[in-house]
Amino acid sequence: MSIVDQTREGDILVLTINNPPVNAFSPGVPEGLHAGLDAAEGDEGIRAVVIIGGGRTFVAGADIKTFDLPREQAPDLRGFISRLDAFPKPTVAAIHGTALGGGLEIALACHYRVATKDAKMGLPEVKLGVLPGAGGTQRLPRVVGVQKALEMMLSGNPIKATEAKELGLVDQLVEGDLREEAVAFAREHANTRPLPRISERTVEGVSPQVFAAAREGIGKTHRGQLSPGFIIDLAEMTTTQPFAVGWEEEARLFMAAKDSPQSRGLRHIFFAEREAGKIPGLTRDTPTTDIRSAGIIGAGTMGGGIAMNFLNAGIPVTIVETGQEALDRGLAVIRRNYENTAKKGRLTMEDVEKRMSLLTPTLNMEDLADADIIIEAVFEDMGVKKDIFTKLDAIAKPGAILATNTSTLDVNEIASVTGRPEQVIGLHFFSPANVMRLLEIVRADRTSDSVLATSMALARRIGKVGVVVGVCDGFVGNRMIHRYGDEARKLVEEGANPQDADAAMNALGLPMGPFQMSDMAGLDVGYLIRQHQAKVRGLPKPDGWLDRIVERGRKGQKTGAGIYDYGEDRKPRPNAEVAQLIEDYRAEKGLESRELSQEEITERLVYSLVNEGAQILDEGIAQRAGDIDVIYIYGYGFPAHRGGPMGYADEVGLKNVVAALEKYGQTPAPLLRRLAEEGGSFAGWDRAKSQA
Ligand code: T1G
């Protein structure tokens, strides 16, 4: 089987692309397709051509791995598409699975498109920080109209073939065998002339307001990103310029976007997300347990949110509380969450009832005896958790997975009270657990491969991005965020206002800065952790300016006042009393105030994450720097177009990161210093480790 098979069906030539797993337009594919077109062009007996994907999908796009190849080595998708556009015989794209990016662009350059009903098609390039670079910005508006084309290109989300048919993007939906029906369609249209070329269509009567509105929209959805603006400019050119002019401008803007730090960041995350799901030693043959029911202990904020993930996936849940009132309250919160979603039209009331019917409340832990997995989500206290796992050990059936949702406690210690430590794992959900996609999967010393593999599969099944982390105080995400919080508080001691730190992070692209996030999480949470950490380390009781704010009863958004004041709109407003408290604190401690630039604030906050991340890598608590980036994007809102903290550090250059850390009096982690001295990068460290 060659990478592009040629099969003759009478007077129709079928070109089948075989480039698993997703038929990306990789080296070899263009050569095979050109050979197929040569054969069709040179043979009078061939009256039309069908292009189809072998395996599970049509072409899922250009090969993202080839983006950084020198231009002459990269597969020439534009060249192939130009040839398709000018091809003298009818061409039919036969689509199943997904036709994405360059894949849809190939289909758009064909004269016709047929698709299976469940096929999807779209132009997701914006999610990679680029734009459809092989005619998509010029052809899609000429088929579905500018408004719909902008919606598809700016969201990057695919549409179903059924909608595509209504839009005229697909000429025929296929009921039976795609290949057979595509050949019949090609034969039926073999003599149709003139050939219907999308590039010859024009776009009429589009109000300039459409583009103005689109530009305003990306100011909110894609703040600071390059390619969305380019996409709008190129779509506008379809209304003012001939196809050939837009086609050339598209190539220029594509290269500018592709070579941007944002595209490098987004492409790094695309692959990092997929790498995070790979655990050395675990293979497709690692045995896993089929999770058909779940037990959850605790119906509070976390327990209720966790339960919703299982209900959403159709997995029955038995939820346990210690008292009827807490249990009733927990269930009421879950129902209210679903009903609110239904009010927004994202669920029907029937869905709500179906999900609630899968939920069994109980006060009796014995009712968890048959659950395939039991997740504890109770108060963050080691004694309480040990007590629960001791009981679970006696109740849970053999083979049940016993998981703790602890955010910092030692999972090995929790496992040690059971007779089945190999069945114990940490599943650290992030609040709100039914919304945040990150799931830190905490692999304890004795956790079995099967329990780990089952947990990774379960993460995917309940729509989470699972990242395996090791046992330490705070695992990966929270351990780094504690350093970040320490640095943020220090910046204020030195003269910055809390809103300066938040503004710096907002400017970088984080929706919430350190203090906005603290107010939302609850200042008392951080306060108790600092008190706990001081106690276990035998240090004096912490008495920082933030501790004093908490001690005044200002606990954050939940009390309407924390570092900031909050009205009905929940927008943070600086508070004069807090400003005075900070000023008095500095005076009392003899701290000299000074002006801190946004650059210094940004460097100190981001590099505090990077430095701790490097230490975490060195200790083996995280497998990859890319895993840390995925954690920060899905758990803490770090902007994907910045590549995550470690990807951002690579972009800045580790030498510069080390120099900045030293300038601010911080000690670079040994691994960070070593990589900087070697002229290395975190991405290079990941690559070397994966090849070891
Ligand atoms: N290039 C290279 N590798 C790709 C790839 C691509 N386009 N798409 C997927 N892979 C790899 C992926 O890394 C993984 O590798 C394996 O395939 C399975 O992917 C000029 C410039 C198609 C919906 O953005 O959305 O065209 O980990 O785990 O969950 O205008 O892959 O096994 O080694 O995601 O079944 C535009 C990206 C490119 C589509 C399938 N196209 N891919 O999902 O599998 S830019 C995209 C996806 C472009 C032109 C521009 C998904 C999928 P490994 P997977 P999946």
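Nothing here was measured: the structure is a model prediction, and the numbers come from that model. Indexing begins at 1, ligand by ligand and atom by atom, following the structure's order.
R142 is not listed as a side-chain neighbour of R139, based on a closest heavy-atom distance of 4.5 Å or more.
When the options P20, A60, G101, A24 are ranked by their closest heavy atom to atom 41 (N) of ligand 1, first place goes to A60.
With hydrogens and angles left out, the side-chain atoms of S26 and D63 include a donor and acceptor closer than 3.5 Å. For T238 and E236, the side-chain atoms include no donor-acceptor pair closer than 3.5 Å.
A salt bridge is absent between R437 and E273; no separation between the charged side-chain nitrogens and carboxylate oxygens falls under 4.0 Å.
Looking at K127 against ligand 1, nothing comes within 4.0 Å, counting heavy atoms. Counting heavy atoms under 4.0 Å from ligand 1, residue R56 touches it through the side chain alone.
Cation-pi geometry between R267 and F271 is not met at under 6.0 angstrom from the ring centre and within 45 degrees of the axis.
Taking the six-membered ring wherever Trp is involved, the centroid distance between the rings of F58 and H96 does not fall below 6.0 Å.
Protein heavy atoms are found less than 4.0 angstrom from atom 27 (O) of ligand 1. In this structure, atom 15 (O) of ligand 1 has no protein heavy-atom contact shorter than 4.0 Å. There is a protein heavy atom less than 4.0 angstrom from atom 34 (O) of ligand 1.
Not close to ligand 1: G136, with no non-hydrogen atom less than 4.0 angstrom away. Residue contacts with ligand 1 do not include V130, since none of its heavy atoms lies under 4.0 Å from the ligand. At a 4.0 Å cut-off, at least one heavy atom of F254 sits close enough to ligand 1 to count as contact. The closest approach between E275 and ligand 1 stays at or above 4.0 Å for every heavy atom of the residue.
When only non-hydrogen protein atoms are considered, atom 53 (P) of ligand 1 lies nearest to K278 NZ, 3.6 Å.
Atom CD1 of I306 and atom CG of L427 lie 8.0 Å apart (nearest 0.5 Å).
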